[in-house]
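None of the values given here were measured: they were computed from a predicted structure. This chain uses plain numbering: 1 for the first residue, then up along the sequence.
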Amino acid sequence: MSLYDSLTKVVDFDQQSFFISAAAIAFNPTFWNIVARREYRTKFLTRLFGGNRQTACYALAATIFSLGMVRDFLYERALRDQPSHPALDEPLVKYAAYALLAVGNIFVISSTWQLGITGTFLGDYFGILMDDIVTGFPFNITNAPMYYGSTMSFLGTALLYGKPAGILLTFHVLLVYLIAIKFENPFTAAIYAKRDRERAKPVESKKEL
């Protein structure tokens, strides 16, 4: 028996909502990475908002947040259309679901608190850089707490609903986020490295004098 045959016993692939949810999950980080990189190179959003990069960043933040709400709605709708599995109705599974939701939300909320709105929503690409690297909780646990926290929330929701399809979609979420991290982390590091080089130039000039 193939993996696909095994999955069809617990996941209803005939439900269009499953694929719509998967598409929304993949779209969001793709969208914000494309838009943020274009902003970094062309400042098109900053120009759109009259040269105010702070307002432009808040506008992108509102867009990303709204897309996230749509994605979560589509995910929940997809779960409702999928069959439940009796093995996921056990009390221990429900406790694990609540634990995942709690930890996931703590990661997301605390990282937003640490970074602020501009730090959370790609302010670096607008030239709004943080003074220092954040090393406190939850960044002392993982370098991508928002992504891993979100993944835990997806898995917790899947277990709470008792839907194997949700577990499969969570693997999709994790894969999408891991790809996003591979693109975002080096690019963000390059932005800060450029800032540090520019900061060092006046110091070097004074030493020469």
Side-chain angles (χ1 to χ4, degrees), residues 3-4 6-13 15-33 61 64-117 119-122 134-185:
L3 176 61
Y4 176 77
S6 299
L7 286 173
T8 55
K9 291 185 176 182
V10 292
V11 179
D12 185 357
F13 290 108
Q15 293 294 334
Q16 189 179 25
S17 57
F18 177 87
F19 296 100
I20 292 174
S21 175
I25 289 166
F27 173 80
N28 285 12
T30 304
F31 165 80
W32 71 60
N33 271 287
I64 293 172
F65 184 79
S66 299
L67 287 171
M69 292 182 68
V70 172
R71 175 205 61 194
D72 293 346
F73 168 77
L74 293 173
Y75 177 65
E76 185 178 4
R77 179 180 172 186
L79 293 187
R80 292 184 184 278
D81 291 339
Q82 290 292 322
S84 301
H85 195 281
L88 299 180
D89 283 334
E90 297 295 325
L92 284 177
V93 175
K94 302 306 177 187
Y95 296 148
Y98 287 119
L100 284 164
L101 287 167
V103 175
N105 279 290
I106 288 171
F107 270 29
V108 171
I109 294 169
S110 59
S111 58
T112 303
W113 177 265
Q114 288 274 22
L115 296 174
I117 299 298
T120 300
F121 293 99
L122 305 165
V134 177
T135 56
F137 182 85
F139 293 92
N140 57 354
I141 305 293
T142 171
N143 66 346
M146 293 200 72
Y147 283 155
Y148 292 123
S150 177
T151 302
M152 284 189 276
S153 294
F154 272 96
L155 181 56
T157 303
L159 296 180
L160 194 61
Y161 278 74
K163 308 287 187 172
I167 299 174
L168 182 59
L169 283 171
T170 300
F171 279 111
H172 176 56
V173 169
L174 180 60
L175 176 61
V176 168
Y177 283 163
L178 288 174
I179 293 171
I181 290 169
K182 289 290 185 183
F183 278 92
E184 289 175 15
N185 283 2

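- Side-chain contact check for Phe139 versus Leu115: some heavy-atom pair is nearer than 4.5 Å.
- Listed by chain and number, the residues in a side chain to side chain donor-acceptor pair (under 3.5 Å) with Asp81 are Ser17 (sequence neighbours excluded).
- With sequence neighbours left out, Thr8 forms a side chain to side chain donor-acceptor pair (under 3.5 Å) with no residue at all.
- Contacts classified as side chain to side chain donor-acceptor pair (under 3.5 Å) and involving residues 168-180 (residues at least two apart or in different chains) are given here: Arg71-Tyr177, Ser150-Tyr177.
- A 4.5 Å side-chain heavy-atom check between Leu122 and Ile64 finds at least one atom pair inside the cut-off.
- Annotation for Ser111 and Thr120: closest pair O-OG1, 4.2 Å, computed over non-hydrogen atoms.
- Annotation: side chain to side chain donor-acceptor pair (under 3.5 Å) contacts of Gln15 (sequence neighbours excluded): Asp12.
- Within the structure, ring pair (Phe, Tyr, Trp, His ring centres under 6.0 Å) contacts touching residues 64-89 (residues at least two apart or in different chains) are Tyr75-Phe154.
- Residue pairs meeting the salt bridge (charged side-chain N to carboxylate O under 4.0 Å, His left out) criterion with at least one partner in residues 84-100, sequence neighbours excluded, are Asp89-Lys94.
- Between the CG atom of Leu74 and the CZ atom of Arg77 there is a distance of 7.0 Å, given to the nearest 0.5 Å.
- Counting non-hydrogen atoms of neighbouring residues, nucleotides and ligands closer than 6.0 angstrom, the CZ atom of Phe19 exceeds 12 such neighbours.
- Under the rule for a side chain to side chain donor-acceptor pair (under 3.5 Å), the partners of Asn33 that lie at least two apart in sequence or sit in another chain are Glu184.
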Just list the side-chain donor-acceptor pairs under 3.5 Å for residues 20-31, sequence neighbours left out, or say none.
residue	atom	partner	partner atom	Å
Asn28	ND2	Leu67	O	3.2
Thr30	OG1	Ala26	O	2.7

Donor-acceptor pairs are to be reported for all side-chain atoms of residues 162-169 against protein atoms at under 3.5 Å, with residues two or more places apart or in another chain.
residue	atom	partner	partner atom	Å
Lys163	NZ	Leu79	O	3.4
Lys163	NZ	Gln82	O	2.5
Lys163	NZ	Ser84	OG	3.2

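- Remark: Phe137 pairs with Ile106, Phe107, Ser110, Asn140, Ile141 by the side-chain contact (heavy atoms from CB on, under 4.5 Å) rule, at least two apart or across chains.
- Here the closest heavy-atom approach between residue Thr142 and residue Pro145 is recorded as O-CD, 3.5 Å.
- Considering all non-hydrogen atoms of both residues, Ile181 and Tyr148 come closest at CD1-OH, 4.0 Å.
- In this structure, Phe13 places its CZ atom where more than 12 heavy-atom neighbours from other residues, nucleotides or ligands lie under 6.0 Å away.
- Residues Thr112 and Val108 come closest through the heavy atom pair OG1-O, 2.9 Å.
- For Arg80, the salt bridge (charged side-chain N to carboxylate O under 4.0 Å, His left out) test picks out Glu76, with sequence neighbours left out.
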